[in-house]
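To start, the structure itself, in structure tokens.
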Amino acid sequence: MKEVRVRFAPSPTGFLHIGGARTALFNYFFARQNKGQLVLRIEDTDSVRQKEDSIGQILDSLKWLGIDWDEGPDQGGDFGAYYQSQRLSFYSNAAAELIQSRKAYYCFCTEEELETERKRQRKEGTLIRYSGKCRELSKNEVRERLEQGLKPVIRIKLADFDQIIVNDLIRGLVKFKSDQFDDFIIIKSNSLPAYNFACVVDDHAMRISHVIRAEEHLSNTPKQQYLYEALGYTIPKFAHLSMILAPDRSKLSKRHGATSVSEFKDMGCLPEAIINYLTLLGWSPGEGKSELISPEQTIRSFSLDKVSKTAAVYDIQKLVWLNGQYITEYNLEKLTLYAVPFLIQAGIVSSIEAEQNHSYISAVVKTVRERVRTLQELAEASRYFFKDIIMYDEKGKEKYFRQENVAILLSEGKERLAGIEDFNVENTEKAYRNLMEELDIKGGQIIHPTRLALTGRTVSPGLFDVMALLGKKRCLERLEQAIDYINKMKS
RNA sequence: GGCCCCAUAGUCAAGAGGCCUAAGACGCCGCCCUCUCACGGCGGAAACAGGGGUUCGAAUCCCCUUGGGGCUACCA
């Protein structure tokens, strides 16, 4: 069987958004499943829309997600270069060949001329097509104009045909009638190739066997197929993935909140969770299978004909839920590593402290992880393990600190804690349980105010886990602080 | 406007003519567990866009309408 080679071909116009990431991911799944190659190609032929550093961002996001490729701009490969801007000779050679065989021609029409023509066609209600005016220019006429310094485009000369049929692996046979096409541009007047041309030349030169890309390219495929035939290339297999839409079903854009991989990263999503989420967007592991699925599992059962044809609206809530699942299951050491930057970012620890207190941080992460869903939440939930209490939760204050005799209760508690030698979860709990029994009170009566005193909040991990982590000294100090505070509240 | 793709709950999705009184997951609601929150457990509300065919039988096949998306650029 022919070797499977697929590619992901982003254009560097911004961050890697989730649609692009999913396209990359499905290419990756397909390549790995078929023991094929994934190549990364940068489509940077539009100098106007290029964004500085976009390539670096995209590569970083891909790597961070754990999507690795076999050939590409950073590590090279046998079919380079991997930037279209460095492959210009491929395109001009291919175009020259087409001109030579009279399948393409120079066109000197200016943009203004074309615009007037289009305007007229719009008014007349006819199809908007290039007239083919420059088709019949003689060699001499072309040479003359070239010598005048005019910058032509090169257009493909469409032969008569009835229709073009695209056989899409996901959508089946798709037919396009010939009247939809005109002599489209393959080389722009700045000598750079137009997308449809560059794409064909490169996919052929790079021996791409399967073109797996977003649905927005489905309508371009007949043009590309025409070009394959004109150039005598064999046509690869195509698979067009449905689009990913914003919650209002419009195209994804910045106004829809987080849409790029880097934004999800900044929110505190784990790469594995994003991968898992993206896997589920347009593909399903099948009936009765868990939705928590690793790339390895997906690679085993992935299949393009099971990919959904329907555009998907992404749902950040499910991503966040998945992320929470990953946070609780994650390797603790790795999770700590991911968490530290968020603690620093939130001003909870300094980078120096982070290095010195690694094992303490890890212990905090361990007790907090189960009830947070993002690393940002994790940082926030960890604050009082590092910082003193400067304020108490408003509602909690009213509810617990105004309880009768609460100060006395807390000082009792403090007393008991003070007497503990080995200040751990079991012993602190035992001390408190004994106290409750002696005073004949219910747990909540002392546990809630204590929690507020120790954490400043009404919500936390189990109280005795908090105590053990905080340590005896800080527990006693915070109880003292709360008692003072309560006494001041009264007066 | 023309052409193309798509259409199962709020969202992702299973479903390939009878197994459908339509899975599962997120979210939502209720209950249980419980020191709070989360986790977990149990239960609930919630969908085949509409209309025509074909068929003994349609979520599944065909047609139309509607809706959404894409392409129609010297963007990719």
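Keep in mind it's a predicted model, so treat the numbers as computed, not measured. In what follows, chains are A, B, ... by sequence order, proteins preceding strands, each numbered from 1.
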Can a donor-acceptor pair under 3.5 Å be found between the side-chain atoms of A:Glu216 and the base atoms of B:rG69? no
Please evaluate the base of B:rC37 for a donor-acceptor partner in the side chain of A:Arg371 within a cut-off of under 3.5 Å? yes
With nearest nucleotide decided by heavy atoms, which residue, A:Glu43 or A:Arg129, maps closer to the 5′ end of RNA chain B? A:Arg129
Where each residue is assigned the nucleotide of RNA chain B containing its nearest heavy atom, which of A:Glu291 and A:Ile185 is assigned the position nearer the 5′ end? A:Glu291
Between [N] ([atom2]) and [X] ([atom1]): distance, integer Å:
| X | N | atom1 | atom2 | value |
| --- | --- | --- | --- | --- |
| A:Arg249 | B:rA49 | CZ | P | 13 Å |
| A:Glu370 | B:rU36 | CD | P | 15 Å |
| A:Lys177 | B:rC3 | NZ | P | 6 Å |
| A:Asn190 | B:rC74 | CG | C1' | 7 Å |
| A:Trp283 | B:rG15 | CH2 | P | 11 Å |
| A:Ile128 | B:rC71 | CD1 | P | 16 Å |
| A:Tyr326 | B:rA25 | OH | C1' | 13 Å |
| A:Glu112 | B:rA73 | CD | P | 16 Å |

Classify the nucleic acid contact of [X] as base, sugar-phosphate or nothing, counting any heavy atom under 4.0 Å across all strands shown.
| X | value |
| --- | --- |
| A:Lys175 | sugar-phosphate |
| A:Gln317 | sugar-phosphate |
| A:Val313 | sugar-phosphate |
| A:His217 | base |
| A:Ser460 | base |
| A:Gly125 | nothing |
| A:Pro222 | nothing |

Counter-base of [N], judged by Watson-Crick or G-U geometry with both distances under 3.5 Å:
| N | answer |
| --- | --- |
| B:rA16 | none |
| B:rC26 | B:rG10 |
| B:rA45 | none |
| B:rG57 | none |
| B:rA73 | none |

With the side chain of [X] defined as its heavy atoms from C-beta on, choose the nearest nucleotide among [options].
| X | options | answer |
| --- | --- | --- |
| A:Lys223 | B:rA76, B:rU72, B:rC37 | B:rU72 |
| A:Asp315 | B:rG70, B:rU11, B:rC35 | B:rU11 |
| A:Ser11 | B:rC4, B:rA76, B:rC74 | B:rA76 |
| A:Lys318 | B:rG10, B:rA25, B:rG70 | B:rA25 |

Nearest-0.5 Å distance, CD of residue A:Glu329 to CD of residue A:Glu272: 12.5 Å
Distance check, rounded to the nearest 0.5 Å: A:Leu25 atom CG versus A:Ile212 atom CD1? 11.0 Å
If we take the [atom1] atom in both [N] and [M], what is their distance in whole Å?
| N | M | atom1 | value |
| --- | --- | --- | --- |
| B:rG68 | B:rC32 | P | 45 Å |
| B:rC64 | B:rG70 | C1' | 22 Å |
| B:rA16 | B:rC75 | P | 47 Å |
| B:rA9 | B:rG15 | C1' | 15 Å |

Contacts of type salt bridge (charged side-chain N to carboxylate O under 4.0 Å, His left out), residue A:Arg118, not counting sequence neighbours: A:Glu115
When you check the gap from the basic side-chain N to the acidic O, do A:Lys309 and A:Glu215 get nearer than 4.0 Å? no
Can you confirm if the NZ or CZ of A:Arg22 lies within 45° of the ring axis of A:Phe26 and under 6.0 Å from the centre of its six-membered ring? yes
If you draw the axis of the six-membered ring of A:Tyr82, does the NZ or CZ of A:Arg41 fall within 45° of it and under 6.0 Å from the ring centre? no
Would you say the ring centers of A:Tyr130 and A:Phe184 fall short of 6.0 Å from each other? no
Mind checking whether A:His448 and A:Phe401 have ring centres under 6.0 Å apart? no
Among residues 196-204 of chain A, which contact RNA chain B at a heavy-atom distance under 4.0 Å? none
Give me the residues of residues 446-459 of chain A where at least one heavy atom lies under 4.0 Å from an atom of RNA chain B, by number, or none. A:Ile447, A:His448, A:Arg451, A:Thr458, A:Val459
Ring-plane angle category for A:Phe181 and A:Phe161, please: parallel below 30°, perpendicular beyond 60°, tilted otherwise. tilted
Using 30° and 60° as the class limits, which term best fits the ring planes of A:Tyr228 and A:Phe238: parallel, tilted or perpendicular? perpendicular
Using the salt bridge (charged side-chain N to carboxylate O under 4.0 Å, His left out) rule, pick out the option among A:Lys103, A:Lys157, A:Arg135, A:Arg129 that qualifies with A:Asp183. A:Arg135
A:Lys188 side-chain N/O to B:rA76 phosphate OP1/OP2 under 4.0 Å: yes
At under 4.0 Å, does any side-chain N or O of A:Thr45 touch on OP1 or OP2 of B:rA76? yes
Within a reach of under 6.0 Å around OH of A:Tyr106, are more than 12 heavy atoms found that belong to other residues, nucleotides or ligands? no
